[in-house]
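Below: the structure, in structure tokens.
Position 1 is the first residue of the sequence, and the numbers go up from there. Hydrogens, waters and symmetry mates are skipped; everything else that's a heavy atom, side chains included, is used. What you see is a predicted model; the values in this text were computed from it and never measured.
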Amino acid sequence: MFDLPEAIQRLSMPELSGQLGMSLRDAERALENAPGPAELLDATYADTHRFPPPAWALPTFVDAAGGSGMTYTPYRGDRAVREAVADNVSTVLGIPATGPTDVILTPGTQGALFVALAALLSPGDLVLLPDPDYLSTERMLRYFGAEVRRIPMVWPHEGDTGRGARPTLDLDALERAAAERPRLMVFSHPNNPTGAVYDEGTITAIADLARRFDFAVIADELYCRLVYDGETFHHIAALEGMAERTVTLLGPSKTESLSGYRLGVAVGPRPLVDAMEDVQSCTALRAPSYAQHLLARWIAEDGTFLERRLREYQALRDTTVKKLNDSSLFRVNASYGTAYVFPEVLTAASDQEVALALKEKAGVVVNPGYQFGPAGTGRMRLCFAQDEAVWDAALDRIIDVVGALGPA
């Protein structure tokens with residue numbers, strides 16, 4: 001049989017076997033293959049039938065596929081589309097339009113993250129990563145042979161709904177880690193899975209440390225327009241001296257429900273984007289060519305669409321948080337952004353046991369908290385962007401099943 005290379009073995013994160021009894025990927029496969037009812041509600045992502053893409057999405061794709069779009073674009077994307085993206089993204093990031101040479105279109109934001117890491121990292125490089133953070137980031141870092149230093153988040157009292165009740169980074173721990181001269185810091189913002197939106201002081205502190213200790217930053221801002229309660233979002237690339245050391249990841253997959261089109265965008269300093277294009281040229285080649293044309297209309301034409309979506313998602317967020325907290329089986333704060341909540345589960349059962357029970361007995365698929373880092377243990381991620389007609393009953397089933405597992 002094949003002997004798997006070391007990088008592939010690291011990708012499974014076997015070091016978690018002490019916690020899970022198996023590697024991370026084996027635990028995930030056990031959950032994927034576990035029995036459940038024929039009809040499952042997958043609460044790991046949004047219901048794109050209830051929340052479909054903008055009306056212009058499919059006609060734009062059809063027009064491109066019908067002859068108006070290139071079949072083989074440059075590796076970094078169709079030039080005219082990149083010019084439009086550069087202009088549109090500049091209004092979001094708060095920095096001048098960078099021009100098409102500083103923008104690359106990728107097959108999803110995850111594709112953007114991979115080529116950015118490949119362009120930046122050498123084996124042994126130290127990388128700072130919040131705990132918890134997006135489930136694929138650490139395994140990618142391990143794949144590239146990086147040394148990962150988790151920066152803990154400071155959690156408010158669960159169930160506190162005041163304006164100050166936001167998770168944030170432990171800035172003292174961050175400064176100590178930055179003094180070790182990392183190559184890179186990667187973070188999702190808003191944070192996935194907690195939905196935290198970092199305040200201005202936190203973003204400024206990250207930027208100050210990056211400049212002082214000379215490390216690069218990858219900011220995954222996929223959900224940056226999906227924020228609630230009039231929250232102000234601070235883009236790290238807009239701060240002084242940060243545009244030249246920051247790669248910002250963006251895309252329409254979540255806010256506009258365009259995940260099936262496999263579109264991501266990365267904005268960064270020109271030499272690094274050139275290197276990212278080199279990696280993409282020998283992996284995925286390019287973002288899907290016909291789908292790229294949707295990005296010319298993204299941001300520019302979805303203002304009314306976004307306003308309606310924010311109202312709908314915020315209502316679902318609020319009812320989800322209330323129902324979970326009222327059950328006394330969960331403790332959770334309302335997320336400031338994203339379409340997720342990350343409740344603490346008040347049971348003695350493990351994350352894996354909870355996820356398996358919910359799939360088998362409630363017919364609901366969730367992300368167990370261990371996927372997001374050590375600080376996620378004892379939690380689960382729920383995507384509340386679901387059809388209201390079925391979500392309330394699904395929450396009832398979740399509460400019933402967790403209640404049957406017994407108290408902590």
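Using a 4.5 Å heavy-atom cutoff, the side chains of Val186 and Asp220 are not in contact. In this structure, the side chains of Leu121 and Arg183 come closer than 4.5 Å at one or more pairs of heavy atoms. For the pair Arg262/Pro288, a side-chain contact is recorded, criterion being any heavy-atom separation below 4.5 Å from C-beta on. With a 4.5 Å cut-off on side-chain heavy atoms, Met13 and Ser17 do not count as touching. The closest side-chain heavy-atom distance from Leu40 to Val364 is not below 4.5 Å. Using a 4.5 Å heavy-atom threshold, the side chains of Lys323 and Asp396 count as touching. Considering only heavy atoms from C-beta on, Asp170 stays 4.5 Å or farther from Met153 through its side chain.
Between Asp302 and Arg225 there is a salt bridge, since a side-chain N of the basic residue sits under 4.0 Å from a carboxylate O of the acidic one. Between Arg139 and Glu28 a salt bridge is recorded (basic side-chain N to carboxylate O distance below 4.0 Å). Contact check on Glu32 versus Arg25 returns a salt bridge, with a Lys/Arg side-chain nitrogen under 4.0 Å from an Asp/Glu carboxylate oxygen. Remark: Arg76 does not engage Asp102 in a salt bridge, criterion side-chain N to carboxylate O under 4.0 Å. Salt-bridge annotation for Arg212 and Glu175: present, with a side-chain N of the basic residue lying under 4.0 Å from a carboxylate O of the acidic one. Salt-bridge formation is detected for the pair Asp26/Arg29: a Lys NZ or Arg NE/NH1/NH2 atom is positioned less than 4.0 Å from an Asp or Glu carboxylate oxygen.
A donor-acceptor pair is defined here as one N or O able to donate and one able to accept, closer than 3.5 Å; such a pair exists between the side chain of Arg309 and the backbone of Thr255. At least one donor-acceptor pair under 3.5 Å links the side chain of Arg379 to the backbone N or O of Phe342. At distances below 3.5 Å, at least one donor-acceptor pair connects side-chain atoms of Lys359 with backbone N or O atoms of Leu31. Remark: the backbone N or O of Gly337 is not paired with any side-chain donor or acceptor of Glu231 at under 3.5 angstrom. Proximity of a side-chain donor or acceptor of Thr44 to a complementary backbone N or O of Asn367 within less than 3.5 Å is not detected. Judged purely by atom type and a 3.5 angstrom limit, Asn192 has no side-chain atom pairing as donor or acceptor with the backbone of Thr194. Without hydrogens or angle criteria, Asp131 side chain to Ala375 main chain gives a donor-acceptor distance under 3.5 Å. Listed for the Glu256 side chain is no donor-acceptor partner under 3.5 Å among the backbone atoms of Ile299. Arg211 contributes a side-chain N or O that, together with a main-chain N or O of Glu240, makes up a donor-acceptor pair within less than 3.5 Å. Remark: the backbone N or O of Leu316 is not paired with any side-chain donor or acceptor of Glu388 at under 3.5 angstrom.
Residue Asp133 comes nearest to Arg150 through the heavy atom pair N-NH1, 3.6 Å, listed as atom of the first residue, atom of the second, then distance. Annotation for Ser188 and Tyr134: closest pair OG-N, 4.2 Å, computed over non-hydrogen atoms. Taking every heavy atom of both residues into account, Phe330 and Pro343 meet most closely at CD2-CB, 4.0 Å. Taking both residues in full, the closest heavy atoms of Thr338 and Pro190 are given as CG2-CB, 3.7 Å, listed atom of the first, atom of the second, then distance. Closest non-hydrogen pair, Leu93 versus Glu221, comes out as CD2-OE1, 3.7 Å. Listed here is the closest heavy atom pair of Gln292 and Arg286: NE2-CB, 4.4 Å.
Between the CG atom of Leu171 and the CD1 atom of Ile151 there is a distance of 10.0 Å, given to the nearest 0.5 Å. Note that OG1 of Thr73 and OH of Tyr75 are 10.0 Å apart. Values are rounded to the nearest 0.5 Å. Distance check: Ile203 CD1 to Leu169 CG gives 8.0 Å after rounding to the nearest 0.5 Å. In this structure, the separation between CG on Leu405 and OG1 on Thr347 is 5.0 Å, given to the nearest 0.5 Å. The distance from atom CG of Leu285 to atom OG1 of Thr283, rounded to the nearest 0.5 Å, is 7.5 Å. Remark: Ile399 CD1 to Ser327 OG distance equals 4.5 Å, nearest 0.5 Å.
Classification of the Phe114-Phe144 ring pair by plane angle, with boundaries at 30° and 60°, yields tilted.
Within a 6.0 Å radius of CD in Glu312, more than 12 heavy atoms belonging to other residues, nucleotides or ligands are found. When the shell of 6.0 Å around CD of Glu6 is examined, it contains 12 or fewer heavy atoms from other residues, nucleotides or ligands. Within a 6.0 Å radius of NZ in Lys361, no more than 12 heavy atoms belonging to other residues, nucleotides or ligands are found.
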Derivation of the side-chain hydrogen bond (donor to acceptor under 3.5 Å, both in side chains) call for Tyr370 and Gln19:
CA-CA 9 Å; Tyr370 66 73; Gln19 173 189 345; over 6 Å; no
The test is side-chain hydrogen bond (donor to acceptor under 3.5 Å, both in side chains); show your working for Trp391 and Thr319 and say whether it passes.
CA-CA 10 Å; Trp391 184 234; Thr319 57; 5.6 Å; no
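Contacts classified as ring-ring contact (aromatic ring centres under 6.0 Å, His included) and involving residues 249-268 (residues at least two apart or in different chains) are given here: Phe61-Tyr261. The stretch residues 167-199 participates, sequence neighbours left out, in these ring-ring contact (aromatic ring centres under 6.0 Å, His included) pairs: His189-Tyr198, His189-Phe233.
Checking Tyr313, Tyr223, Phe384, Phe372 one by one against Tyr340, the ring pair (Phe, Tyr, Trp, His ring centres under 6.0 Å) holds for a single residue, Tyr223.
Remark: Arg181 is not positioned above the aromatic ring of Phe213, lacking an NZ or CZ atom under 6.0 angstrom from the ring centre and at most 45 degrees off the axis.
Under the 3.5 Å distance criterion, with hydrogens and angles disregarded, a donor-acceptor pair is assigned to the side chains of Asp199 and Thr202. Side-chain atoms of Thr60 and Arg297 form a donor-acceptor pair, as typed in the model, at a separation below 3.5 Å.
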